[in-house]
**Q** 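Below is one structure. I have some questions about it.
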Amino acid sequence: MTAGGLKKFDERQIDQVNNCVSLAEELVSEHYKMSASQWLRKRYDVNTLEHLEEDEIVHGPFAQIVRYEAKRKESVLETSTYDFYKVCLQDHSILGVLDKNPAMELFPFCLYIVTHELIHIVRFGTFMQSFSASAREKLEEEKRVHALTYEILESVCLDGLAPVFDYYASWRTDEAPGLPV
């Protein structure tokens, strides 16, 4: 299926993505020793192409995080504002890579991507990393988050993770390329 000419996930693939989001939340929560109430306070949402605004669609990266300022409807005070993060999965980019890499499967690839993005959100929300970092700081943060993603996922017993680890292997070295996440 396409959205604005871009290939998007079908129903079966959306089910897989939903399942990998649930698993990624559980794995990241366990890694950071976060309780359910702490995890829910991290205000974010994960969306696929079907539910993205025009300016949330990018070409190249497999996902991007957009930060919005939010406020409870009933509140009028500025002090009640908070950061809301939207993980914008780019179906077209993900499916394009899967088409070119037959050894990779949707579930493990999306699990890596979503785990990676959730680590970013935890790090932003706990002030381990600034959302508004310089380009150099962002590159260093990408290397750290790829290493953390690998650390979290390496013990997961899931067929299909090895090709994904291979795909991102260069990010775990000092010669990390400018590859999309």
Side-chain angles (χ1 to χ4, degrees), residues 9 13 16-36 38-48 56 58 60-67 83 85-98 100-101 103-181:
F9 297 134
Q13 292 166 326
Q16 288 184 53
V17 171
N18 281 328
N19 290 333
C20 86
V21 169
S22 295
L23 180 55
E25 288 174 339
E26 181 180 323
L27 293 168
V28 172
S29 176
E30 285 177 15
H31 178 80
Y32 285 99
K33 312 271 187 272
M34 297 167 63
S35 69
Q38 288 172 311
W39 184 244
L40 294 174
R41 277 189 267 150
K42 305 292 180 232
R43 293 169 161 70
Y44 71 92
D45 197 8
V46 178
N47 291 117
T48 60
E56 296 171 337
V58 294
F62 307 126
Q64 75 164 335
I65 298 174
V66 179
R67 182 178 65 177
D83 289 336
Y85 298 99
K86 187 173 181 182
V87 176
C88 303
L89 295 178
Q90 307 296 316
D91 309 19
H92 54 287
S93 295
I94 294 167
L95 294 170
V97 165
L98 294 176
K100 293 176 188 169
N101 296 279
M104 291 201 324
E105 300 169 25
L106 178 63
F107 189 90
F109 190 43
C110 274
L111 179 63
Y112 187 101
I113 293 166
V114 174
T115 300
H116 181 97
E117 299 306 331
L118 294 179
I119 292 168
H120 275 304
I121 291 171
V122 169
R123 292 178 58 79
F124 297 147
T126 56
F127 306 105
M128 290 184 217
Q129 179 63 38
S130 169
F131 189 84
S132 304
S134 70
R136 181 176 176 80
E137 290 169 326
K138 286 180 181 180
L139 180 59
E140 290 303 314
E141 177 67 359
E142 278 303 310
K143 290 183 200 178
R144 278 188 293 276
V145 173
H146 277 288
L148 288 164
T149 304
Y150 179 78
E151 182 182 324
I152 290 170
L153 294 178
E154 72 178 330
S155 63
V156 174
C157 186
L158 175 65
D159 289 338
L161 270 176
V164 176
F165 290 153
D166 290 345
Y167 184 81
Y168 283 112
S170 61
W171 276 101
R172 295 187 307 275
T173 69
D174 289 334
E175 298 147 16
L179 292 174
V181 176

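Quantities reported herein were computed from a predicted structural model and do not represent experimental measurements. Along the sequence shown, residues are numbered consecutively beginning with 1.
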**Q** Judged by atom type as modelled, is there a donor-acceptor pair below 3.5 Å linking the side chain of D91 to the main-chain atoms of T48?
**A** no

**Q** For the atom pair CD1 (I113) and SG (C20), what is the distance rounded to the nearest 0.5 Å?
**A** 8.0 Å

**Q** Measuring from F107:CZ to L161:CG, what's the distance to the nearest 0.5 Å?
**A**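 Rounded to the nearest 0.5 Å, the CZ-CG separation comes to 9.0 Å.
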
**Q** Kindly indicate, with the supporting measurements, whether the criterion side chain to side chain contact (heavy atoms under 4.5 Å, CB included) is fulfilled by V114 and V28.
**A** CA-CA 10 Å; V114 174; V28 172; over 6 Å; no

**Q** Drop me the distance from L23's CG to N18's CG, to the nearest 0.5 angstrom.
**A** 12.5 Å

**Q** Quick one: CG on N19 to CG on L111, what's the gap to the nearest 0.5 Å?
**A**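 Separation between the atoms: 10.5 Å.
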
**Q** So, T115 side chain and A24 main chain: donor-acceptor pair closer than 3.5 Å or not?
**A** no

**Q** So, the side chain of Q90 versus the backbone of G60: is there a donor-acceptor pair under 3.5 Å, distance only?
**A**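 Checking the backbone N and O of G60 against the side chain of Q90, no donor-acceptor pair under 3.5 Å is found.
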
**Q** Could you tell me if the side chain of L153 sits less than 4.5 Å from the side chain of F165, heavy atoms only?
**A** yes

**Q** If you round to the nearest 0.5 Å, how far is SG of C110 from CD of E117?
**A**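 Those atoms lie 11.0 Å apart.
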
**Q** E151: what forms a side-chain hydrogen bond (donor to acceptor under 3.5 Å, both in side chains) with it, not counting sequence neighbours?
**A**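 For E151, no residue satisfies side-chain hydrogen bond (donor to acceptor under 3.5 Å, both in side chains) once neighbours in sequence are set aside.
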
**Q** Are F109 and F62 near enough that their ring centres are under 6.0 Å apart?
**A**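 Between F62 and F109, which both carry aromatic rings, the centre distance is below 6.0 Å.
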
**Q** Among L118, V122, I152, T149, find the residue that satisfies the side chain to side chain contact (heavy atoms under 4.5 Å, CB included) test when tested with H31.
**A** I152

**Q** Taking atom CZ of R123 and atom OH of Y32, what is their separation to the nearest 0.5 Å?
**A** 5.5 Å

**Q** Using 30° and 60° as the class limits, which term best fits the ring planes of H116 and H120: parallel, tilted or perpendicular?
**A**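 The rings of H116 and H120 stand perpendicular, inter-plane angle above 60°.
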
**Q** Pair I94, F9 - check side chain to side chain contact (heavy atoms under 4.5 Å, CB included), show working.
**A** CA-CA 9 Å; I94 294 167; F9 297 134; 3.9 Å; yes

**Q** Heavy-atom distance under 4.5 Å between the side chains of K143 and W171, does that happen here?
**A**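 Answer yes - side chains close enough.
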
